[in-house]
There are 2 protein chains.
Amino acid sequence: MNTDNTKSQMRKGMLEYCIMLLLRHQPCYANDIIQRLHEAEMIVMEGTLYPLLSRLKRDGLLGYEWRESTQGPPRKYYVLTDDGQEALSQLDASWEEILRTVNILKQ
Amino acid sequence: MNTDNTKSQMRKGMLEYCIMLLLRHQPCYANDIIQRLHEAEMIVMEGTLYPLLSRLKRDGLLGYEWRESTQGPPRKYYVLTDDGQEALSQLDASWEEILRTVNILKQ
DNA sequence: TTCAGTACCTTGCCATACAAGGTATTACAA
DNA sequence: TTGTAATACCTTGTATGGCAAGGTACTGAA
């Protein structure tokens, strides 16, 4: 568990958090994620996403399973692991903290 | 004006935004900033802050003036320039966008 | 069997957070 | 007057990570 590191990363980017929020509801493969984030007004590039997913997988926060597609090669569907769920809870807390910080500074 | 770039930086970090929010109200020198951000629950290191301030200065978003101190060497008080004010408005918008994104993803 | 579409991944570059270390000015006490 | 502590500003080196560009592999249809 490297939430300290993740937390410090959060200052650098909301991306990781947003992706894990997405996966909280349902397994997704890369293009799913890109499209859904786009719908939520956040742009993410392939070259950013794939390394990020690999990293989260390597850190044990995500797992994946292959699923057949009717329209091309099989897809890697990523899922939150139990560790991932827990890390996400901590990220939720970090997000609340950022919210507080910004609200204080906006006064 | 490189708000596109700043906007993309924002995904990486809230720091720049928070510092400019601080300076919206009043001129501050480095230790002021560190302390006030700390009070707002955001930690920032000297080695992060000084280059960041120099960068914002170089980009014309901040200016500074020297002020005497009763307790040591003179201090560099940073102020938002007009360009800085405008950039900050755009960062406000980006922040709202992130808020929307997270709220959508949290549903 | 070739080509377009889809999907996954890597490489190289650049920006930046951070730790650590360095320099300069000031105040104060010996 | 000199030395020392406190304050303040800044730089260097390292690691991380976003992004553009390019590459590989599988699938299905012309």
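Naming: A, B, ... by sequence-line order, numbering from 1 per chain.
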Send over the distance from A/Met45 CE to C/dC8 C1', rounded to a whole Å.
17 Å

Phosphate oxygens OP1/OP2 of D/dG17: is one of them under 4.0 Å from a side-chain N or O of A/Arg55?
yes

B/Leu53 has an atom CG; how far is it from atom P of C/dT16, in whole Å?
13 Å

Can you measure B/Gln35 atom CD to D/dA8 atom P for me and round it to whole angstrom units?
10 Å

Gap between atoms CZ and C1', on B/Arg67 and D/dA8 respectively (whole Å):
16 Å

When A/Pro74 and A/Leu52 are each assigned the nearest nucleotide of DNA chain D, the 5'-most assignment goes to A/Leu52

Verdict with supporting geometry, B/Lys76 and B/Glu65, salt bridge (charged side-chain N to carboxylate O under 4.0 Å, His left out):
CA-CA 6 Å; B/Lys76 238 180 184 175; B/Glu65 55 183 33; over 6 Å; no

Would you kindly give the CG-to-P distance between A/Leu56 and D/dT16, to the nearest whole Å?
15 Å

Please determine whether a side-chain nitrogen of the Lys or Arg among B/Asp92 and A/Lys106 lies less than 4.0 Å from a carboxylate oxygen of the Asp or Glu.
yes

Under 3.5 Å donor-acceptor pair, A/Glu46 side-chain atoms to D/dC19 base atoms:
no

A/His38 atom NE2, over 12 foreign heavy atoms within 6.0 Å
no

Could you tell me the separation between the CD1 atom of A/Ile33 and the P atom of C/dA7, rounded to a whole number of Å?
12 Å

Sub-4.5 Å side-chain heavy-atom contact between A/Trp95 and B/Val102:
yes

If you find the nucleotide of DNA chain C closest to A/Pro51 and the one closest to A/Gly72, which residue's nucleotide is nearer the 5' end?
A/Gly72

Under 4.0 Å: is that the gap between some side-chain N or O of B/Tyr29 and OP1 or OP2 of D/dC9?
no

For B/Ile43 and C/dA19, what is the distance between atoms CD1 and C1' respectively, to the nearest whole Å?
15 Å

From OH of A/Tyr50 across to C1' of D/dT24 the rounded distance in Å is 12 Å

Identify whether the distance between the nearest side-chain nitrogen and carboxylate oxygen of A/Arg55 and A/Glu16 falls below 4.0 Å.
yes

Start at the 5' end of DNA chain C and walk down; is the nucleotide closest to A/Gln71 or to A/Tyr64 reached first?
A/Gln71

